[in-house]
Amino acid sequence: MHSRHADWEALSLRWVFGALAAVAIVFLVAPSLIVILTSFTSSYSLKFPPEGLSLRWYAALADAHQMQRAAWNSLLVAFWTTLISVVLGTGGAIAIARSRAVWARACDLLFMSPLLLPALAFGFAALVYIHLLGFQPSIPFLVLGHVIVCAPFVLRTSIAALSQLDPALLDASYSLGANWWTTFRRITLPLIGRGVGAGAFLAFMASFDNVPVSLFLADARTEVLPIHLWQQIETNLDVRTAAVSGLIVIATLVLMVVAEKFAGLTRQMR
Amino acid sequence: MKFRESQLALPLAALFVAFFVAPLLVLIGLSLSGEPELEALSLQQYVKFFTDRFNYSILWSTILLGVKATLVCLVFGYPIAWICARSSPRWQSVIVFLVILPILTSVVVRTFSWIVILGRHGVLNKTVLWLGLADEPLDLLFTEFGVVMVLAQVQLPLMVLPILTVLSRTDPNLADASKALGAGEWRTLWRITVPLSLPGVIAGCILTYAACVTAFVTQTLIGGARLIYMPLHIYQQAVGANNWPFAATISVIFMVAVLLVVWVLNRLARVSRGFTHA
């Protein structure tokens with residue numbers, strides 16, 4: 001009698017949680033699939049399911065020069081942002097990962113706070129600041145603004161990787177006569193490389209996708225892709241937007257598979 | 001031979017001081033300036049904010065929006081983390097991959113797909129009409145309900161990951177012991193698993209809440225021009241009205257409001273950790 005009650009309990013819990021999780025997974029994945037399918041539509045309207053399939057809107061992208069320029073700007077900004085975030089973020093991670101000092105905790109809090117503070121407020125603050133200094137928005141300032149909001153990702157994954165690193169390995173290297181740089185290059189970097197790599201990937205995606213900071217720091221001539229798309233969607237829903245979106249989803253999927261293979265992305269995110 | 005590793009934080013710290021702390025200080029300074037001449041130190045802008053019902057109703061609806069979306073994320077996110085934590089490593093990778101897929105996809109693209117789904121002739125309305133649940137298409141776009149739904153989807157991964165981290169570190173023997181002592185599955189869930197995972201739940205709530213209130217793209221594209229939340233309010237004052245001092249004031253108030261909620265949740269996290277170790 002008791003065991004039947006227990007069976008029913010176990011079953012009901014599994015059913016309720018299973019159903020909620022299943023709904024949530026569909027909820028998470030469906031939009032990406034719908035974007036991909038819609039982008040292959042053959043008609044002028046964004047109906048789902050599409051009435052016919054074709055590649056015409058992808059072909060139309062070849063003539064969308066404004067969009068191409070925006071995409072190129074975004075890639076450029078994301079590249080420099082990632083590079084600077086990785087160099088500065090890895091350094092910061094090494095400095096604070098194993099320290100229990102107050103300054104290290106304070107730095108950790110400071111470096112992580114862009115993830116919690118409203119990015120739009122920071123973007124506006126940065127605009128006010130560079131105006132006060134007598135500058136105009138430009139690509140270098142845009143990159144610096146992106147580094148502030150993207151470096152935390154590199155820092156987080158690098159610190160996680162460093163906390164897995166056995167300090168005895170470093171001591172062994174030093175006692176065998178290696179200097180700091182050799183130890184870093186031959187021991188530390190290979191062991192934390194996957195963590196840094198995953199962080200770099202996250203930083204790149206975050207920069208490529210950033211709207212709130214770019215809204216204020218991009219000058220009138222350099223339009224970035226997410227803002228271009230945002231304006232397209234707000235004003236006229238062009239089917240080419242669907243094609244770019246499809247392209248972005250597919251590229252993201254491919255990059256994620258690559259990041260999973262080389263950096264163990266899903267393990268780094270936990 | 002071994003230089004001080006702490007010096008390696010200097011470049012990043014310098015950048016943060018010069019390009020994060022300094023701008024925020026300038027912002028606070030600007031918010032304290034008087035209206036016609038920008039020199040006098042005054043609380044004029046703050047008085048203006050809090051004496052106009054319009055302003056603080058926006059602040060309030062933004063905070064509420066964050067709370068609602070966070071609760072939806074919790075209801076759907078906890079079961080995913082729970083199931084993921086007890087799956088085989090292979091399935092865990094698959095589930096985490098599916099969970100982080102949306103957070104890595106561009107927010108603009110994700111929001112765009114929701115316009116296709118929620119529109120009057122969208123997938124959801126077609127299904128509702130086909131099932132006979134309504135006689136005419138529902139208005140889902142440009143409603144708060146729509147914004148909450150889309151925010152929940154966009155930010156769900158931020159809820160799942162911290163809970164998963166805590167749940168997969170929890171000793172499974174504790175739940176087994178509870179069951180061996182005669183507690184049912186539900187009782188074990190409420191009395192053992194959930195309390196032990198509270199630090200993860202709160203960490204998830206902090207990240208989700210902070211992301212939801214500031215999600216400018218989703219709020220403007222799904223909410224439209226009539227549903228105004230704090231980020232759009234800042235943007236309109238800064239770029240549309242070109243009123244920088246007032247935009248600075250709204251920004252400061254918004255940041256303080258977000259940090260207050262984060263601080264309260266952090267206190268709760270500390271209490272809950274003490275509770276689980278007792």
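All figures in this text were calculated on a predicted structure; none of them were measured in a lab. Below, chains carry the letters A, B, ... as their sequence lines are ordered, and counting in each starts from 1.
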ask   = For the candidates B:L161, B:V109, B:I95, which exhibits the highest count of non-hydrogen atom pairs separated by less than 4.5 Å from chain A?
value = B:V109
request  = Against chain B, label A:H228 side chain, backbone, both or neither, depending on which of its atoms sit under 4.5 Å from a heavy atom there.
outcome  = neither
key: chain A contact via B:L189 - side chain, backbone, both or neither, heavy atoms under 4.5 Å   = side chain
message = Under the criterion side-chain contact (heavy atoms from CB on, under 4.5 Å), I'd like the reasoning laid out for B:V107 against A:V211: C-alpha separation, chi angles, the key distance, then a yes or no.
response = CA-CA 9 Å; B:V107 176; A:V211 169; over 6 Å; no
Point-to-point distance, once rounded to the nearest 0.5 Å, from CZ of A:R14 to CZ of B:R86 = 8.0 Å
message = Between A:A119, A:P118, A:S32, A:A93, who has the most heavy-atom pairs with chain B when the cutoff is under 4.5 Å?
response = A:P118
ask   = Roughly how far, to the nearest 0.5 Å, is CE of A:M205 from OG of B:S106?
value = 8.5 Å
ask   = Looking at B:A215, B:S93, B:P11, B:P231, which one has more heavy-atom pairs under 4.5 Å with chain A than the rest?
value = B:S93
remark   = For B:V261, the side-chain contact (heavy atoms from CB on, under 4.5 Å) test, sequence neighbours excluded, returns B:Y209, B:L265
task = Quick one: pull up CG in A:L155 and CG in B:L12 and give me the separation to the nearest 0.5 Å.
result = 6.5 Å
key: Within residues 78-85 of chain B, residues adjacent to chain A where the heavy-atom gap is under 4.5 Å   = B:Y78, B:P79, B:I80, B:W82, B:I83
ask   = Which bit of A:L255 comes within less than 4.5 Å of chain B, counting heavy atoms only: side chain, backbone, both or neither?
value = neither
query = With a 4.5 Å heavy-atom cut-off, do A:F124 and B:Y235 have their side chains touching?
reply = no
ask   = Within a radius of less than 6.0 Å around CH2 of B:W186, do more than 12 heavy atoms belonging to other residues, nucleotides or ligands occur?
value = yes
ask   = Considering only heavy atoms, which portion of A:F141 lies under 4.5 Å from any heavy atom of chain B: side chain, backbone, both, or neither?
value = both
query = Closest approach of B:A210 and A:L116, non-hydrogen atoms and distance?
reply = CB-O, 3.6 Å
message = As an exercise: rank B:I234, B:L104, B:T214, B:V252 by heavy-atom pairs under 4.5 Å with chain A and give me the winner.
response = B:L104
Part of A:S12 lying under 4.5 Å from any heavy atom of chain B = both
query = Which of parallel (below 30°), tilted (30 to 60°) and perpendicular (above 60°) describes B:F19 and A:Y129?
reply = perpendicular
remark   = Contacts of B:N125 meeting side-chain contact (heavy atoms from CB on, under 4.5 Å) (sequence neighbours excluded), chain-then-number -> B:P137, B:L138, B:L140
message = Heavy-atom cut-off 4.5 Å, strictly under: side chain, backbone, both or neither for A:A242 against chain B?
response = both
query = What part of B:L164 is in contact with chain A, defined as an atom under 4.5 angstrom from a non-hydrogen atom: side chain, backbone, both or neither?
reply = side chain
query = Who pairs with B:L24 by side-chain contact (heavy atoms from CB on, under 4.5 Å), at least two apart in sequence or on another chain?
reply = A:L117, A:A125, B:F20, B:M255
ask   = Taking the six-membered ring for Trp, are B:F216 and A:W230 ring centroids under 6.0 Å apart?
value = yes
task = Report the option among B:T105, B:V213, B:L221 that has the most heavy-atom pairs separated by less than 4.5 Å from atoms of chain A.
result = B:L221
note = Looking only at B:I100, B:V160, B:T165, most heavy-atom pairs under 4.5 Å shared with chain A are made by B:I100
inquiry  = Heavy-atom pairs under 4.5 Å with chain B - which of A:P114, A:S113, A:C107 has more of them than the others?
reply    = A:P114
inquiry  = Checking B:F112 against A:L229 for the side-chain contact (heavy atoms from CB on, under 4.5 Å) test, could you report, in this order, the C-alpha distance in whole Å, the side-chain angles of both residues, the deciding distance, and whether it holds?
reply    = CA-CA 9 Å; B:F112 164 72; A:L229 289 178; over 6 Å; no
query = Is it the side chain or the backbone of A:I227 that comes within 4.5 Å of chain B heavy atoms, both, or neither?
reply = neither
ask   = Taking it one step at a time, do A:W103 and B:S6 satisfy side-chain contact (heavy atoms from CB on, under 4.5 Å)?
value = CA-CA 10 Å; A:W103 67 264; B:S6 55; 3.3 Å; yes
ask   = So what's closer than 4.5 Å to chain B heavy atoms on A:L132: side chain, backbone, both or neither?
value = side chain
query = When rounded to the nearest 0.5 angstrom, what distance separates CD1 in A:I34 from CH2 in B:W114?
reply = 8.0 Å
key: A:A95 backbone acceptor or donor facing B:E5 side chain under 3.5 Å   = no
B:T220, part contacting chain A, at a heavy-atom distance under 4.5 Å = both
request  = Could you tell me which portion of A:V147 (side chain, backbone, both or neither) has an atom closer than 4.5 angstrom to a non-hydrogen atom of chain B?
outcome  = side chain
query = In Å and rounded to the nearest 0.5 Å, what is the CD1 to OG1 distance from B:I115 to A:T38?
reply = 12.0 Å
inquiry  = Tell me if the CZ atom of B:R187 is crowded by more than 12 foreign heavy atoms within 6.0 Å.
reply    = no
note = Output for pair (B:T188 OG1, A:L13 CG), nearest 0.5 Å, gives 9.0 Å
request  = Considering non-hydrogen atoms only, spot the tightest contact between A:H131 and B:W244 and give its length.
outcome  = CD2-CH2, 3.6 Å
Which portion of B:A247 sits near chain A, non-hydrogen atoms under 4.5 angstrom = both
Closest non-hydrogen atom pair, A:F111 against B:A9 = CZ-O, 4.3 Å
message = For a side-chain contact (heavy atoms from CB on, under 4.5 Å) check, start with the C-alpha distance between A:L28 and B:L101, then their side-chain angles and the critical distance, and finish with the verdict.
response = CA-CA 8 Å; A:L28 282 171; B:L101 167 69; over 6 Å; no
Student check: side-chain heavy atoms of B:P23 and A:V128 closer than 4.5 Å = no
query = Who wins among B:A22, B:G122, B:A225, B:S113 for the most heavy-atom pairs under 4.5 Å with chain A?
reply = B:S113
inquiry  = Which atoms of A:V16 are under 4.5 Å from chain B, going by heavy atoms: the side chain, the backbone, both sets, or neither?
reply    = side chain
note = Ranked by heavy-atom pairs below 4.5 Å to chain B, first place among A:T252, A:I248, A:L120 goes to A:L120
key: Segment of B:K179 engaging chain A (4.5 angstrom heavy-atom cut-off)   = neither
